[in-house]
Amino acid sequence: MERVLMTGAAGDVGRRLRQRLRGVYPTLRLSDRVAADPLGPGETFVKAELADLAAVEAAAKGMEGIIHLGGVSSEGDWESILQSNIIGLRNLFEAARRQGVKRVVFASSNHAVGFYPRRRRIGTDAQVRPDSRYGVSKAFGEAMGALYADKYGLRVLCIRIGNVNDRPIDHRRLSIWVDPDDLAQLVRIGLEHPDLRYEVVYGVSDNERSWWDNETAFRLGYRPKSRGEDHRETAFAAQAKLPPDPLGDFYHGGTFCSAEYEGGWDPKTGERR
Ligand code: 15L
């Protein structure tokens, strides 16, 4: 793998991954709707709106792999999600197919399965239970990845990313935190593993409190180095400053579940009343 395109390269996750992938892939083409930080060796930048198929195709031209981080990265209104995460996602996979790209690593999200109760541990074969319009768009992306892998032979890794940060920033993130180094390891598996066809994995570090069975990632050789639990005290201290959110605390997705929630809810069962 020599030539890699990273979409959404100007965002926080893009910045962190760029630092870790410098020198790994000789050509790293960055794209975003806004300019990325000063370019490092081997990096070039091309401006592209995901909703513009011709622009995405131009960005994909000549590339062997794509790390797709672009799009709306949190809950948004339907129109923005539609343009960037549904139409944009379709454009990304279609551009990859037309340009003969071999692999796509798709930044999916824990919010594709956010409405599972925390007492339930799930694997990557669990049905999607999106907690937001954003989560729906990530489930759509995973489905598109499967279609393009099964029908067109693209190799695809969907990473259901938890929360990328230097350390877990609250109680929920103790379960879902991923150290950027560990995430970079997963991205490299997606771009390089010889047997990969289509897989979904969790982007999570070695967290004692994880709600996810990440067996598929381990089978592909993932060995996370960081442990959320090492930051327990700071995470609990930060949690103490947050407003109470019993519904959010019941489900994997936290505030994404409680936002806009309508109707009553039984805190014992998590069921709607
Ligand atoms: C995500 O998918 C978002 O991209 C990120 O901004 C966080 O909200 C993260 O999930 C999370 O669940 O903490």
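Note that ligands are numbered from 1 as they come in the structure, with each ligand's atoms numbered from 1 the same way.
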Beyond-backbone contact of D195 with R219, side-chain heavy atoms, under 4.5 angstrom:
no
With a 4.5 Å heavy-atom cut-off, do W177 and H231 have their side chains touching?
yes
Short N or O separations between ligand 1 and the protein, below 3.5 Å:
from	atom 1	to	atom 2	distance (Å)
ligand 1	2 (O)	S109	OG	2.7
ligand 1	2 (O)	Y134	OH	2.7
ligand 1	4 (O)	S73	O	2.5
ligand 1	4 (O)	Y134	OH	3.1
ligand 1	10 (O)	H111	NE2	3.1
ligand 1	12 (O)	N110	ND2	3.2
ligand 1	12 (O)	H111	NE2	2.6
ligand 1	12 (O)	R172	NH1	3.3
ligand 1	12 (O)	R172	NH2	2.8
ligand 1	13 (O)	N163	ND2	2.8
ligand 1	13 (O)	R172	NH1	3.4
ligand 1	13 (O)	R173	NE	2.8
ligand 1	13 (O)	R173	NH2	3.0

Determine whether the aromatic ring centres of residues H171 and F236 are separated by less than 6.0 angstrom.
yes
Which residues pass the side-chain hydrogen bond (donor to acceptor under 3.5 Å, both in side chains) test with Q83, sequence neighbours left out?
E79
Write down the atom of S74, the atom of I81, and the distance for their closest heavy-atom approach.
O-CD1, 4.2 Å
Is it true that R227 and D182 make a salt bridge, defined as a side-chain N closer than 4.0 Å to a carboxylate O?
no
